[in-house]
Chemist: 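Would you mind keeping the following structure in view while I ask a few things?
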Amino acid sequence: MASTPPQTGPLRHFLQFRDLSRDEIRYVLDRARLIKDKFKRYQPHHTLHDRNLAMVFEKASTRTRVSFEAGMYQLGGSVIHLTTGDSQLGRAEPIEDTARVISRMVDLVMIRTFEQTRIERFAAHSRVPVINGLTNEFHPCQILADIFTYIEHAGPIEGKTVAWIGDGNNMAYTWLQAAEMLGFRLHVSAPQGYQLDRKRIGQPSDTVLREFADPMQACRGAHLVTTDVWTSMGYEAENEERRRAFADWCVDAEMMAVADPAALFMHCLPAHRGEEVTGEVIDGPQSVVWDEAENRLHVQKALMEFLLLGQVA
Ligand code: CP
Ligand code: NVA
C-alpha cells in the first residue's frame, strides 16, 4: 500500500499535553477510535508505510515500549530501540548531537527520560517530530489514553470530576493540563510535601483544580478515581520516606464508595497492590486498567499518524 505524502506544515512535537490544541486532541481521540475499530476487525491500516520510529529509553518501560513498537509496525513502519546503556548517550554524547544525528535518519522519535528540559533540548535540535514517552514532569501519552478510556466507558469527560490520589507527579501535572484544556475538574489529594508546586502551576481556577488534605474528600462525587505509584522512576532514594508519608493515600473500597456510583478506577501501571491501591479496587468491577493500558496502543498510533501526516480525515 502506498504511504500518504508527508505533512508540509511546520514541525510538530508532543512534549506536553498542551502542545496539541483542544481540537487536535479531539481529532486524535476520534482517529484512535477508528484505528482501534479496524485493529479489532483485523483490517490493515498502513498509513505510515516505510516510516521509521526511533525510541530512546533512559528509564525502564513495559507498556510504552510495547505499544509504540507494536503500533509503528501495525501502521506499516518499523522501529529502532535505543537505551542510555547501549547508545553513546551513556558515554556523555550531548543530547543535541544525538538529536541532530538520529533525526536525519528516521521520521519520528519517542523519548523517555528524566528532566523535561532534556527532551526540549532534543526537540530543539530535531528535524522530525518528538514524542514524550514520560519525563519527570509529564506523561502526556498516558493521559491521552486515559481520556480515550474514560470516553469509551462513560462518554464525554467535559464537566466531570477526576480525583487524583497520591503523588503530585508527572501524571498529576499532565491531568491538570488536560483539565484546563478539555473542561473537567481535577480534585487532588497529596500528602504534605508532595502536592502540586504552585511555582509550576500558578493559580488555576476553582472550576479546574481543587486540592484536599483528606483523600476521602477528594473522591467524594468523583466520576474517575485515579492514582499512581508512591515512588516514581528516578526518585528511588526517597522510597522509605515516601512509604511513611503516603500510608493514608491508598485507594480502597471506602474511597470508591464515596465517589459517584458509576465512577471508574484507573492506574497508569505498574501498580503496587497494598500501597497506592488495594487489590480489591484495582481488580474490582470499577477498574478499567487493562483497557487503559491497551488504549496506549491505539491513541499513540493516532498520535504518530497526526504528527507525520496531519489531519487526514
Ligand atoms: N504506564 C506506563 O508508561 O508504563 P511503562 O512504564 O511500562 O511504559
Ligand atoms: N509516575 C510514574 C509513572 C510510571 C509509568 C513514574 O514516573 O515512574
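Whatever order the structure lists them in is the order used to number ligands and atoms, beginning at 1. Heavy atoms only: backbone and side chains are in, while hydrogens, waters and symmetry mates are out.
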Chemist: Suppose I only count heavy atoms of Cys268 and a 4.0 Å limit; which atoms of ligand 1 are within that range?
Modeler: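 So the answer, numbered in order with elements, is 1 (N).
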Chemist: Heavy-atom contacts with Met233 under 4.0 Å: which atoms of ligand 2 show up? List them by number with element.
Modeler: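 Within the 4.0 Å cut-off of Met233, ligand 2 contributes 6 (C), 7 (O), 8 (O).
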Chemist: Evaluate the side-chain proximity of Ile131 to Val109: yes if any heavy-atom separation is below 4.5 Å, no if none is.
Modeler: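 No. Closest side-chain heavy atoms not under 4.5 Å.
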Chemist: Which atoms from ligand 2 have a heavy atom of Leu269 less than 4.0 Å away?
Modeler: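 Reading through ligand 2 atom by atom, the close ones are 5 (C).
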Chemist: Pick one of side chain, backbone, both or neither for how Leu134 approaches ligand 1, counting any non-hydrogen atom pair under 4.0 Å.
Modeler: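 The answer is neither.
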Chemist: Distance only, no hydrogens: is a donor on one side chain within 3.5 Å (strictly under) of an acceptor on the other, for Asn132 and His139?
Modeler: no
Chemist: What protein heavy atom sits nearest atom 4 (C) of ligand 2, and how far away is it?
Modeler: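 Nearest protein contact, heavy atoms only, for atom 4 (C) of ligand 2 is Leu134 CD1, 3.8 Å.
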Chemist: Going by an N to O cut-off under 4.0 Å, is there a salt bridge joining Arg41 and Asp37?
Modeler: no
Chemist: Which option wins on minimum heavy-atom distance to atom 2 (C) of ligand 2: Gly234, Ala60, Ser232?
Modeler: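 Looking at heavy atoms only, Ser232 sits closest to atom 2 (C) of ligand 2.
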Chemist: Suppose we measure from atom 3 (C) of ligand 2 to each protein heavy atom; which comes out shortest, and what is that distance?
Modeler: Asp228 OD2, 3.6 Å
Chemist: Between Arg65 and ligand 1, which residue portion shows a heavy-atom distance shorter than 4.0 Å: side chain, backbone, both, or neither?
Modeler: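 For Arg65, no heavy atom sits under 4.0 Å from ligand 1.
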Chemist: With atoms numbered from 1 as shown, which atoms in ligand 1 lie under 4.0 angstrom from a non-hydrogen atom of Thr62?
Modeler: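 Selected atoms, number and element: 5 (P), 7 (O), 8 (O).
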Chemist: With a 4.5 Å limit on heavy-atom distance, are the side chains of Ile25 and Met181 in contact?
Modeler: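 With C-beta onward as the side chain, the pair touches.
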Chemist: Donor-acceptor pair, His223 side chain versus Thr161 backbone, under 3.5 Å?
Modeler: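 Here the side-chain-to-backbone pair exists.
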Chemist: Which residue supplies the protein heavy atom nearest to atom 2 (C) of ligand 1, what is that atom called, and how far is it?
Modeler: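 For atom 2 (C) of ligand 1, the nearest protein heavy atom is Arg296 NH1, 3.4 Å.
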Chemist: Find out whether the Lys NZ or Arg CZ of Arg12 is both under 6.0 angstrom from the six-membered ring centre of Phe306 and within 45° of the ring's axis.
Modeler: no
Chemist: Donor-acceptor pair, His13 side chain versus Leu15 backbone, under 3.5 Å?
Modeler: no
Chemist: What verdict does the salt bridge (charged side-chain N to carboxylate O under 4.0 Å, His left out) test give for Asp30 and Arg33, after you've listed the backbone C-alpha separation in whole Å, the side-chain angles of each residue and the deciding distance to 0.1 Å?
Modeler: CA-CA 5 Å; Asp30 285 349; Arg33 181 73 261 160; over 6 Å; no
Chemist: Just need the protein heavy atom nearest to atom 7 (O) of ligand 2, so name the residue and atom and give the distance.
Modeler: Asn170 ND2, 2.8 Å
Chemist: When you measure from atom 6 (O) of ligand 1 to every protein heavy atom, which one gives the shortest distance, and what is it?
Modeler: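 Minimum-distance protein heavy atom for atom 6 (O) of ligand 1 reads Arg112 NH1, 2.8 Å.
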Chemist: Using a 4.0 Å cutoff against the non-hydrogen atoms of Asn169, which atoms of ligand 2 qualify?
Modeler: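 Result: 1 (N).
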Chemist: For the pair Ser67 (side chain) and Arg63 (backbone), establish whether a donor and an acceptor sit closer than 3.5 Å, ignoring hydrogens and angles.
Modeler: yes
Chemist: Tell me, which protein residue and heavy-atom name are nearest atom 4 (O) of ligand 1, and how many Å apart are they?
Modeler: Arg63 NE, 2.8 Å
Chemist: Taking Arg185 for its side chain and Arg210 for its backbone only, find out whether a donor-acceptor pair lies under 3.5 Å.
Modeler: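 No, because the side chain of Arg185 does not come within donor-acceptor range (under 3.5 Å) of the backbone of Arg210.
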Chemist: Considering the heavy atoms of Leu269, write down every atom of ligand 1 situated less than 4.0 Å from one of them.
Modeler: 1 (N), 2 (C), 4 (O)
